[in-house]
Visitor: 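The following block contains the structure, expressed as structure tokens.
A note on names: the letters A, B, ... follow the listed sequences, proteins ahead of strands, and every chain is numbered from 1.
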Amino acid sequence: MIRAILIFNNHGKPRLSKFYEHYTEDTEQQIIRETFHLVSKRDENVCNFLEGGMLIGGSDYKLIYRHYATLYFVFCVDSSESELGILDLIQVFVETLDKCFENVCELDLIFHVDKVHNILAEMVMGGMVLETNMNEIIMQVDAQNKMEKSEAGIAGAPARAVSAVKNMNLPEMPRNINIGDISIKVPNLPSFK
Amino acid sequence: MALKIVKGSIDRMFDKNLQDLVRGIRNHKEDEAKYISTCIDEIKQELKQDNIAVKANAVCKLTYLQMLGYDVSWAAFNIVEVMSSSKFTYKRIGYLAASQCFHESTDVIMLTTNQIRKDLSSPNQYDTGVALTGLSCFVTPDLARDLANDIMTLMSHTKPYIRKKAVLIMYKVFLKYPESLRPAFPRLKEKLEDPDPGVQSAAVNVICELARRNPKNYLSLAPLFFKLMTSSTNNWVLIKIIKLFGALTPLEPRLGKKLIEPLTNLIHSTSAMSLLYECVNTVIAVLISLSSGMPNHSASIQLCVQKLRILIEDSDQNLKYLGLLAMSKILKTHPKSVQSHKDLILQCLDDKDESIRLRALDLLYGMVSKKNLMEIVKKLMLHVDKAEGTTYRDELLTKIIDICSQSNYQYITNFEWYISILVELTRLEGTRHGHLIASQMLDVAIRVKAIRIFAVAQMATLLDNAHLLTGNMQRNGICEVLYAAAWICGEFSEHLENPMQTLEAMLRPKVATLPGHIQAVYVQNAAKLFSTVLKSQEGSTEGTAAQETSQLMIDRLPLFVQSANLEVQERASCILQLVKYIQKLQQKEVEVAEEVSALFAGELNPVAPKAQKKVPVPEGLDLDAWINEPPSESESEDEQPKAIFAKEEPKHSRSRHTEVDEKELARRREARKQEQANNPFYIKASPSSQKVYQESPGVEHIPVVQIDLTVPLKVPGLPMSDQYLKLEEERRQKERADKKKKEKKKRKEKRSGRGRRHDSGPESEEDITPAHMVDIVTEEMPENALPSDDDDKDPNDPHKALDIDLDKPLADSEKLPVRSHRAAKVAKSPVEDGDAENTPPSQEPKKKSSKEKREKKKDKDRDRKKSKEEKKKKKHKHEEKEEDLLGGEADEPVVQSEDTTEVVALPTSTNAEVSDLDFWLSNAPVPSNTQEAATVAATAEADSVPEATSGTAPDSDHDEPKNSELEETKSSKHKKKKQKKEKEEKEKKKKKKHHHHHRHHSDGGADESVQNGTVEDEEPLPPMSNYCLLAENSYIKMMMEDADEVCDIQGNLQDGSQVVVSVIFENKCDSLLKSMEFNVLDSLNSKLQRPEGSGPHDGFTVPFQLPPGVSNEARLVFTVQSIVMPQKMKGTLTFIVKNEDSSIHEKLDFKLHFTCTSYLITTPCYSDAFAKLLESGDLKCSSVRLEEVNMPFHHLLARICFHHHFSVVERIDSCASMYSRSIQGHHVCLLVKTSGQTVSIDAKCDEPTLLGNVLDEIKQTFSQC
């Protein structure tokens, strides 16, 4: 089981938090902080597993994380999950984000956390891995987005126009803080289809 | 209208959307909180508007704010509103918000039930998907119960997308509503073979998750998983399955043998490291489970170790880490193979990655030996010095102590070395483990007598340098060692070289800054030292020295008298007065040293940690009895129901005169004192230093070594641990010498251990055994302590919550009828998958009635069905569908026959599966099995004819009116397919059924009411059955299931109840049996329900024929008036035996015995309701005592549950409360307590006669086993 999925940036700012157990908001923030502290002080070349998230779980639980450019993707899982499998899953997640946002960067996550949630929901459900096949995930996400668009229809047009205008003067929308090194070495990516 | 929409959306575009909010927050970095609070105000405004789009937008923003840590639970209702929007866009927003911030105590959650149900059955798969996803995050027990049925239905949805989600969410449902597991499981199992890989993987996922907690219940699935493992190519699924096998193998070594080969192949062939790793892991598990003796064993280990070495040597830190992790598993059973890689592991200790170092440390634990301990610890000490992070250093510290103290200090050859190590460890900056070091010091000093001189010297130095330890507040964790130091110096002060100096050190003003409990020890031990000093000083001629010492005490102690800590203050005052008195005496030149030291005479022995717990309860002492009357009614809410039971023992005395109580109390107190005085095991409280020792945390749980260094050691110079390395050889010899003495000592210890408890006070130590060299063994227990074996495992398992939840339906699946509620419905309702043919026609009219009524009715129905079903399953006989028959049977015998065959055809029996598993594992075809299978297959063929017709019979659409047209159109096609499948399945299952038929026979013997008939050889099998032999002759054998009831819930109160009896007819001869007619003589109270139009003496025609060797089941419905007494009915079965050439008319008499138990229905009851019921006061009570019951408590409970239809409300240790309800609504509550072989059952019921009879029956059940 996956207990929690956290995404935060190099400064510990949460970009997505998904807890599959209930915690109060305060505890959640504390967990994010603690996790950030644990993860951020680790070198780049050390292993991606960490024990001892005090707040989550206990000894049966591990933090499995990957660091991409400015973002940390952290999964808190128990012993029923395969460590390397989860690493692959993170990779799949990031690649999916990359496809859905077309060259994803931190800003995409900042401004569209709801979409990230929706994508995640197609991969992990209630703490269990639902789908590992990227194409399948993207297909379902696209289908839902299409539905959303068709629902918005004409009524949605003005809002879209406005948001387009709003986005026009966005100096901070550079597309180049991307998670470029997506080809980070995954020992066994081809095995997951 | 259009204008309005446009206007609405124009309004909307000026509202902030999520992006604006985020942007705003980013632009207000300095006053973020303020900005957000204005945003929240805006959101509150937006939520007040009617426009759902605005609301959705607001909720979307709230979801974001929730992530930032803002509590948004105040908007829960608005979230529900957005969830119920018809537009997918908004719905999704709503569900997302709900999944992020709803939880079990969110009260609006109960409003969502219907909305979710609607979404689940939405024609749009994404509505359903979104609802499922949301639900998976916030499902509550109520939601789970109410929606289990709907989700079950979705598990067979046409869209794999929905199926996989539904399958996955079932796990959550099981967790929240364990009762659903049973009914849902067959379908879940089906999904393992779903054509869609996603669904399959989801099912594997769920089952693995379930099996991880309770592997033994899933052993029977091993063949299926094995097949999947060899066929699947999805690595994710493979990993899960292999992990699952890892959990299963410990339970079934044969499985392991079977696994080794394919796993080895996978290890060789796979390119995926993750898979390789899991394979290695499982192979390790297999090897552990196969304890020894396999020839190719070592080859497999070699393979694993070799693969792991490759992992560890890999430059990828992840692989290195995992390699070490797996290595540590091998270490436990095959330390030798790991030890050869010591170089590699020691190398990992130097790794820059902390996780890896920690793993390597774990491995070290298993690699030490007497030879290399010092060397390894030395290396670790170096690391301690180098380590930068406190966590790692603390970890190192605990590891060093672990390694040294493991198995009773087995590897320590020189304790002086160890003490030096401990002293060195106290120099650690900022460790949290001061108490650990302290307890080690105490432990070693107390238990290794010969080391005391050395230890005392070391501790004195420590005390002298206490300022070094306490100087920095950061290091206050370490000041715990002063506790140990002070105590050791005080207790063994006779070994001190310069007690005066130590005494002064202990009375320094600086001491007052130490934590209270340490100061207390200081004060107490200062007194001990004082007595020692006095003794030495009085011995010498100088009288003034002694007086000076007293003066020192008098000067310094007031500092402690002022302490804020009560303990310190109290002790200090006491001792101060004592010293003042001594001083007075001294001034009169009286010799006091002797008397003062008498205060602290005697010696302490450590007690085993569990000793107290193991003291057997003396005869006649009732620990559950109230010492004082319970405070008041109102408080009993948080008391366990057993308390309510217990107090009835001294009658309902609560409301009686308090006077009596007080007398009684006084009497009891007196008696108890007497008890205690005579009880050598009772440890009396005494305000002595000894007590302090007992209190010292963690001391007790340290294993004690039996080592006696007869020659005191003198090592000159500073105690640097390194020096000891060279002394190793010498020590080892000594130890060898010690071992010889072990035997002798043990005996002594026993005595001394007891003696100690006898008089813990220092004043009365006359009878302590003198001159024992090593004190106590770890596991020393009171002599007649009960070996209450698993008391450690039981309670605080980390996954306790989960375990319990799942266990109830499953772990005891063999025995415990699980309390149930309504999910049973689930199993049979679904229309689309062809189960439709089983829908009872009799229920249809009800369903058509008004919706609300239907809902209610369903619940009740479910209740009833469920409970029955549960029982059935236990009997390894029926599928969930069966109860549908009941209805059908009562009204339309025609349908019944068809259904009956169906039921017989589809047993889901763990038992059968287990035997299947045996078969699978044994790998050798059993001839009898195959034969049986062949004959059965033939009959199954015949069975399928009525089956097919039944398929078309009842119309499924009535059953689930809300199910959409979609399914309807499909249903016909579907059905046919399904039927075919079912036929096949039936055949398969028939085989299984046959396997365990015999068990019923034998087990039947254990049940009541076996009259005429032979009992086959008793086969001591754990599974229980309620089938008992009814009658048997050379032709036929009748087995009766001891009445399974249905009460027509509506007619329940007025016109009595129905009892359904399942009878299995088994043809034992070579001829065909036909025209079977079943008849009973109706009594006043009980009547057989006969088909309409038949007279009161007509028999019931058994609706099938029996070919040779075949058995089938018929169900008979009886109406019963009074249920408080057991009933017996005489009956006859007539039938025609048809040979090829002739036919004979035969008959068989039997007696039907309706026990009172059979009128009970397993009904779940929650503990609060249970407590209320008991408190209500209108229940009569009664009790029974069972002697010499030789079975584990859970077996006992299982038996009661199974044979007497109770459900466990709550179980606490050896005490359980149980509940059941009669078909006429009588409540029956039990409190079962066990101690030794005696079981006492206190019972309450609103109908005393019924209760009496039920208790008699329970007694009978246990007298038979």
Visitor: Quick check against the 3.5 Å criterion: does B:Asn205 have a side-chain atom that pairs as donor or acceptor with the backbone of A:Val129?
Guide: yes
Visitor: Of all residues at least two apart in sequence or in a different chain, which pass the side chain to side chain contact (heavy atoms under 4.5 Å, CB included) check with B:Thr63?
Guide: B:Val59, B:Leu96, B:Ala97, B:Gln100
Visitor: How long is the gap from CG on B:Leu275 to OG on A:Ser82, to the nearest 0.5 Å?
Guide: 8.5 Å
Visitor: Thinking salt bridges, do A:Glu148 and B:Lys91 make one under a 4.0 Å N-O criterion?
Guide: no
Visitor: Please find the pair of heavy atoms, one from A:Met125 and one from B:Leu132, that lie closest to each other, and give the distance.
Guide: CE-O, 3.9 Å
Visitor: So which heavy atom on B:Thr133 is nearest to which on A:Ala121, and how close?
Guide: CG2-CB, 3.6 Å
Visitor: Can you say whether the rings of B:Tyr321 and A:Phe49 are parallel (under 30°), tilted (30 to 60°) or perpendicular (over 60°)?
Guide: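 The rings of B:Tyr321 and A:Phe49 sit tilted, inter-plane angle from 30° to 60°.
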Visitor: So, for A:Gly126 and B:Ser136, which heavy atoms are closest and what is the spacing to 0.1 Å?
Guide: N-OG, 3.2 Å
Visitor: Is there a donor-acceptor contact under 3.5 Å from the side chain of A:Gln29 to the main chain of B:Met67?
Guide: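 A pair under 3.5 Å: yes.
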Visitor: Rounded to the nearest 0.5 Å, what's the gap from CG on A:Asp43 to NZ on B:Lys352? Could you check?
Guide: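 The CG atom of A:Asp43 sits 7.5 Å away from the NZ atom of B:Lys352.
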Visitor: Test salt bridge (Lys or Arg N to Asp or Glu O under 4.0 Å) on B:Arg92 and A:Glu151 and set out the steps.
Guide: CA-CA 12 Å; B:Arg92 181 153 80 164; A:Glu151 274 182 357; over 6 Å; no
Visitor: Can B:Tyr126 and A:Gln140 be counted as having a side-chain donor-acceptor contact under 3.5 angstrom?
Guide: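 A:Gln140 and B:Tyr126 do have a side-chain donor-acceptor pair below 3.5 Å.
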Visitor: I need the B:Ser201 OG to A:Leu130 CG distance, nearest 0.5 Å.
Guide: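 Reported value, rounded in 0.5 Å steps: 8.0 Å.
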Visitor: Drop me the distance from A:Glu83's CD to B:Met273's CE, to the nearest 0.5 angstrom.
Guide: 14.5 Å
